[in-house]
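Below you'll find the structure, written out as structure tokens, and then a few comments.
Computed from a predicted model, the values in this text were never measured in an experiment. By convention in this document, chain letters (A, B, ...) are assigned in the order of the sequence lines, proteins followed by strands, and residues within each chain are numbered from 1.
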Amino acid sequence: MNNTEKLKLSENIAVIAGIFSITVALLLLLNFWQVSKSDPIESKALIALVDRLKQEPNNEELKVEIRNFDLLARKAYFNSQWQVKTGAYLLLFGAIILAFALRVYYSLKAKIEQPDIVLENEIASRILAQKGIIIVGAVVLALAFGASFATVNHLNYYNVESETAGSGEKSVDESIQVIEVGEVPKQVGGSTEQNLTSETSGPVQPEIVFVENSVENEAETVVKSEVPKLATTGGITLADVQKNHNSFRGPLGQGVVAHKNIPSEWDGATGTNILWKSPIPKHGYNSPVIWGNKVFIAGADDSSREVYCYNRADGKLLWTGVADNISGSPAKPPKVTEDTGLSAPSLTTDGKRVFAIFGTGDVIAFDMNGKRVWAKYLGVPDNHYGHSSSLITWANKLLIQYDTNRGGKAVALDAATGEVVWETVRKSKVSWASPVLAEIDGKYQLILTADPIVAGYDVETGEELWSTDCMMGEVGPSVGYSDGVVYAGNEYAILVALNPKDGSIIWENDEYLPEASSPLAHDGLLIIATSYGVLVCYDAKTGEQFWEHDVGTTLYSSPMIADGKLFMMDNDGMMRVYEFSKEMKLISENDLGEIAGTTPAFSDGRIYIRGDNNLYCIGK
Amino acid sequence: MVINIMKKLKYIFITFYFLLSTFYLFSQEQRFPKPEFETGYEQPSTITPEPRALALEYFDVLILIIVLSLASYFALKKRSRQGILWLSVFTLLYFGFYRNGCICSIGSIQNVVQSFFDPAYSISVTALLFFIIPLIFTLFFGRTFCGGACPLGAIQDLIVVKPISLPKWLNKTLGLIPYIYLALAVLFAATGTDYIICRYDPFVGIFRMDAKFHMVVLGISFLLMGMFVARPYCRFLCPYGVLLSWMSRFSKWHLSITPAACIQCKLCTNSCPFDAIDFPTNEKEVIKSGLGPKRFITYAVIIPLWVAAGIFVGAKSHTFLSKANPDVYLAELLISQPELKNDPENIDIETFLASGKSMETLVEEAEAIRADFYIGSMIAGGFIGLVIGFTLLNTVVFRRRQDYEPHKGNCFSCSRCQDYCPVEK
């Protein structure tokens, strides 16, 4: 065989092998397409038959039918497997022949090349090589060095004591006993217990001054009767939450705080009564919460979600907890609008742990020293603005209102472990309101508002106790509660007073309606703040209007009552202080010097306000 | 017309390898679930496959010796490219597709290293022989193992279609990578962390037809690249190649381009697709260049600095490197995300919890491994620093050469250059 004949032969073999390989590859693709179109594993017929069997478990004929169907599906599956495998080998065989024929063809065609006249300049090449080696060597070492800084040695954070301390049930009981006797809590050992005792120092009983001074005498009996009862069920007490502003809108989320000597005048520009201000690393619309000597807020952007703990005394950032590496959490956060962001929900704390939820659906718990306790992914909330419902904790549970476009639910997680204690599906649409707690008929209820229902749930079991179909639209304001009446409202909907014992409507009004700010009820008065800048005071019992004040700026923040005064922040950072009475009396207007639409927190004669960029402490 | 068809076929050939990836992925994803109802059928419990019979393992060693002998014979004595080529085909079929790329000499580095550091690990004689025999052959005959007895080399060698010559500086710079890979492979094997050479072997998945998608993509990428940059894995990654290169430099008999005196015809200058032919030294250029003793002394003096930098960086990065260890990973995962203890879908954690081992023990073990990494990373860093220092030094060392010669360290003994040489014996 001469060279030309060999050339021709190799060319023919290459063409045949090429056509063969293309054919096999196309058949394989066809097989792939067929199988993906009619996946035997996801056969609708089989699923339908299995569903039928669940309804008729003793239907023998159906069982035989399913078995036959299943066998058929398996045969189809293994047949396609065989086809894939055989096709793969055939394709490989064809590819090898093709490669070989091509090689032979090119080698037969190859001509001896002309030697290079000008060879590579070896000296120049060596000088270049030196540079290359130095650069590569330096880059490798620098990368390894850089990696060392980007690495966290988690083994250093291992704490034998905390790992063996158990889930915390025992410590809860012990801490409750301490509160029951009204003395300084004992240190019972273990890091979490130490945290609790340090954060709740001081006698508890004198702190319930609010109850004594309050018009709501019934609340006093609640405190007295509930504390011993809660000591047996576990969890924080009313005295705890009144001492510590542990959730959005303070104790139980009702907007009424017990602290005294709250300043009513300050000025951000001159620094008057500004005790400290600290920058907040990441943005968020959540409001500060407080336990003991610590203030907590959160911030987030697309790159990370973080919880910040500040020293209440001097504003020093004590620790930052990062909510990352949460199983199931999406790598890319969901799209949210600028005015809601990924960190709109306020945190809550039970004195042992601080809890946070983000717009990604991540819930995380840190202990008071910033050590991660647990984290859970609830699924990305389908919310066109972003999830904004704040957290609240009671009876060792973290309570979450999770109303999304895909349906609503209320969830209680075990505060110590994050496990689901109960989950109640709600007949509600998406909502931006936050949960409020109230003691009704000796039971603590979780009261939630959304389109279209305002409803109460048993904190212990999640059972829906009552529900009133009265709300509509995009519900932002949480409910108000006072004196056995629930107040709910929303712009373009209605303002209602509800009896939570049976869900009946006591009165309704639609003159002034809030858009984001929550109703505040206390001592026979009901305060409503509209987004178009009108602050209105109603008679809580009848819905009769006492007074209104048009401040002319947007009001998204929720009103708060402290020290007998009404505190109302506007979106420009101006907080107006009113006398809390049937008559409108503006005490002061205080400019923070920074925009702030959040709700303030109060503790020990001080106000804590989250501005757009800074956290402020106001005090005398 | 024919040329056009052939050009098109070249593209078709490339396309096949991409197509191959689809069904590898496809075969990976298909899993059939168990029936959803009781049938009375008992699922057999899974069992570990029986190891290959010892006699057959020794047979593999025998085959290796025969292939190495033939490769050495073809390269040194017979000077036959055809012989080496067919031997490569046999190696690919036998050690590649039939033996599924295992056992291989490249991966055996890790077995040998682990046998030194893990008292509970006993290396098999076969693995040891697969490690040692090619090194011994190389010490005598050059890298004939790479030329004809390595399945990874064979698969790359057979698909070289249109090799391009890389500039020397790039060859030198990329040549650092195998040393780094070797250092990491030894570190991970010594600490019982992983056999990274096997895990990231780009071709073993093709041999076994069961690779994960990303490994198939990697393998196909290497093959596609290998059509133009010949044997990319062998030249710029293979950690065993480092050892073979050291041995080959001292080889007693090595392949030569000419069977007799070189006639300086320069026909072989472009024959090596691996840029492994050294040209005659141009002494005038060398003297003129200034790359003389002064720079040699400078580079020699800074070698300890490179080593010190390597040790320092190694010590610093030990935490990062140790995270690859499964025990360290698990301990850190449980510390950083304690809630995962309740995640029934995390098999690693479920297995750990089912084992009854306490968290404290796990953390203690992880800390011990991290301490090993501290030492190991410093040694690995120091080694890498030493290699950088010596490679740099080597760029100013000129050996007097009058003929075209294969570079003993880099030559794969494939005999291509011999085909180009017109000199008769």
Legend entry - Polar side-chain atom of B:K168 near backbone of A:L128 as donor-acceptor pair, under 3.5 Å: no
Inset, instruction - Between chain A and each of B:V89, B:V160, B:L170, B:V328, count heavy-atom pairs under 4.5 Å; write down the option with the most. - result: B:V160
Legend entry - Choice from A:S327, A:A124, A:A129 maximising heavy atom contacts with chain B below 4.5 Å: A:A129
Legend entry - Residue list, side-chain contact (heavy atoms from CB on, under 4.5 Å) with A:I97, at least two apart or on another chain: A:I13, A:A17, A:F93
Inset, instruction - Look up atom CD1 in A:I133 and atom OG1 in B:T173, then write down how far apart they are to the nearest 0.5 Å. - result: 5.5 Å
Inset, instruction - May I ask you to check whether A:Q130 and B:Y299 show a side-chain donor-acceptor distance below 3.5 Å? - result: yes
Legend entry - B:I155 versus chain A, the contacting section by heavy-atom distance below 4.5 Å: neither
Legend entry - Gap between atom NE2 of B:H318 and atom OG1 of A:T151 - 0.5 Å precision: 10.0 Å
Legend entry - B:N394, part contacting chain A, at a heavy-atom distance under 4.5 Å: backbone
Inset, instruction - Could you look at B:I180 and say if it's the side chain, the backbone, both or neither that has a heavy atom under 4.5 Å from chain A? - result: side chain
Inset, instruction - Only counting residues at least two apart or in another chain, list the ones meeting side-chain contact (heavy atoms from CB on, under 4.5 Å) with A:N59. - result: A:R52, A:E56, A:E61, A:L62
Inset, instruction - Could you look at A:I134 and say if it's the side chain, the backbone, both or neither that has a heavy atom under 4.5 Å from chain B? - result: both
Legend entry - Any A:L92 side-chain heavy atom under 4.5 Å of B:F97 side chain: yes
Inset, instruction - Measure from the side-chain N and O atoms of A:R126 to the backbone N and O of B:V397, and report whether any donor-acceptor pair falls under 3.5 Å. - result: yes
Legend entry - Test item: B:K341 and A:W374 side chains (from C-beta on) under 4.5 Å apart, heavy atoms: no
Inset, instruction - Find the distance between NE2 (A:H154) and CD (B:Q337) and round it off to the nearest 0.5 Å. - result: 8.0 Å
Legend entry - Distance (rounded to the nearest 0.5 Å) between A:Y158 OH and B:S336 OG: 13.5 Å
Legend entry - B:Y329, OH: over 12 other non-hydrogen atoms inside 6.0 angstrom: no
Inset, instruction - Could you look at B:L176 and say if it's the side chain, the backbone, both or neither that has a heavy atom under 4.5 Å from chain A? - result: side chain
Inset, instruction - To the nearest 0.5 angstrom, please state how far the CD atom of B:E332 sits from the CG atom of A:N156. - result: 9.0 Å
Legend entry - Which portion of A:V24 sits near chain B, non-hydrogen atoms under 4.5 angstrom: neither
Inset, instruction - First locate atom OG1 of B:T395, then atom NZ of A:K131, and finally report the distance between them rounded to the nearest 0.5 Å. - result: 12.0 Å
Legend entry - Contact winner vs chain B - A:L155, A:D324, A:I326, heavy-atom pairs under 4.5 Å: A:L155
Inset, instruction - Just give me the residue among B:L321, B:L340, B:V313 that pairs up with chain A most often, heavy atom to heavy atom, under 4.5 Å. - result: B:V313
Legend entry - Under 3.5 Å: donor-acceptor pair, side chain of A:S125, backbone of B:W169: yes
